Participant: 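The structure is given below, and queries will be raised subsequently.
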Amino acid sequence: MRITYYGHACFMVEMGGKKLLFDPFITPNPKTQDIEIDMDAIQPDYILISHGHADHVADAVTIAKNSGAKIISTYEIVTWFGHQDIDGHGMNTGGKFTFDFGVVKVVNAVHSSMMPDGSYGANPVGFVISNDDEGTFYFAGDTALTMDMKLIPMICPTLDFAILPIGDNFTMGYEDAVIASEFIECNTIIGCHFDTFPPIEIDHDVAKTAFKNKGKTLFLPEISMSFNITKN
Ligand code: NI
Ligand code: MN
């Protein structure tokens, strides 16, 4: 799978010949002022939204209208986008559905949620996404460490990598993310939700060492960096 980082919790993952964009927050992000959201690279087929906070949905309407991308999120969030004439596929925690790129399973996240206009944002979620050829990954969304993460290895294919928040304050910090990586039985972790704002600035070396001490790799991508992760 080819992965591109657009800052904060925003990633493009190419899977099954489709482009999946997660939690677009680019134009308001002080760290991504060089990125043009109408550029060809940001033309997803699907936009996956973990919850309604502005730092996860800010550019979703614009990108969906530019690209024709379909929203995949909770029923309530898909309904909110539907009122803006954007098409989507509503799901909810515990459910899975087979799309043309692979299977999406919606898993629990422990956080809060509200749409940018103050309307109800439903429960926050994470996604486990897989296909037989390219592998499986977990996009945790904003979440605390939770015992529910132990269910993931029981109910999902083996993870090839996971995207976990590590910035603390609004989500789990890197110490809890190390425990999360043990719960989900995954050794390759991509960090997100760090350094965007002062309360979530982290020491990269300290965080990487905490994972290394448990035999795991924490990868902290540079903004706009693309990289490949192959199936184990
Ligand atoms: Ni949030
Ligand atoms: Mn957030």
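All values derive from a computational prediction rather than experimental measurement. For this chain, numbers begin at 1 and follow the sequence in order. When a ligand or atom number is given, it counts from 1 through the structure's own listing order.
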Participant: Please name the pair of heavy atoms, one in Ser113 and one in Ala122, separated by the smallest distance, quoted to 0.1 Å.
Facilitator: CB-O, 3.0 Å
Participant: Would you check if Ile86 and Lys65 make a side-chain contact, meaning some heavy-atom pair closer than 4.5 Å?
Facilitator: yes
Participant: Using modelled atom types and a 3.5 Å cut-off, is there a donor and acceptor pairing between side-chain atoms of Asp160 and backbone atoms of Phe137?
Facilitator: no
Participant: Which protein N, O or S atoms sit under 2.8 Å from the Mn ion (ligand 2)?
Facilitator: Asp55 OD2, His56 NE2, Asp142 OD2, His193 NE2
Participant: Using a distance-only test with no angle check, is there a side-chain donor-acceptor pair under 3.5 angstrom linking Asp142 and His53?
Facilitator: no
Participant: From the options Phe219, Phe211, Phe194, select the one residue that forms a ring-ring contact (aromatic ring centres under 6.0 Å, His included) with His204.
Facilitator: Phe194
Participant: If the plane angle is over 60° it's perpendicular, under 30° parallel, otherwise tilted; pick one for Phe99 and Phe101.
Facilitator: parallel
Participant: Taking the Ni ion (ligand 1) as the center, what protein N, O or S atoms are found at less than 2.8 Å?
Facilitator: His51 NE2, His53 ND1, His111 NE2, Asp142 OD2
Participant: Pick one: which of Phe81, Tyr75, Tyr46, Phe97 meets ring-ring contact (aromatic ring centres under 6.0 Å, His included) with His89?
Facilitator: Phe97
Participant: Using every non-hydrogen atom in the two residues, find where His8 and Ile200 come nearest and quote the distance to one decimal.
Facilitator: CE1-CD1, 3.9 Å
Participant: Indicate the ring-plane relationship of Phe11 and Tyr5, choosing parallel, tilted or perpendicular according to the 30° and 60° boundaries.
Facilitator: tilted
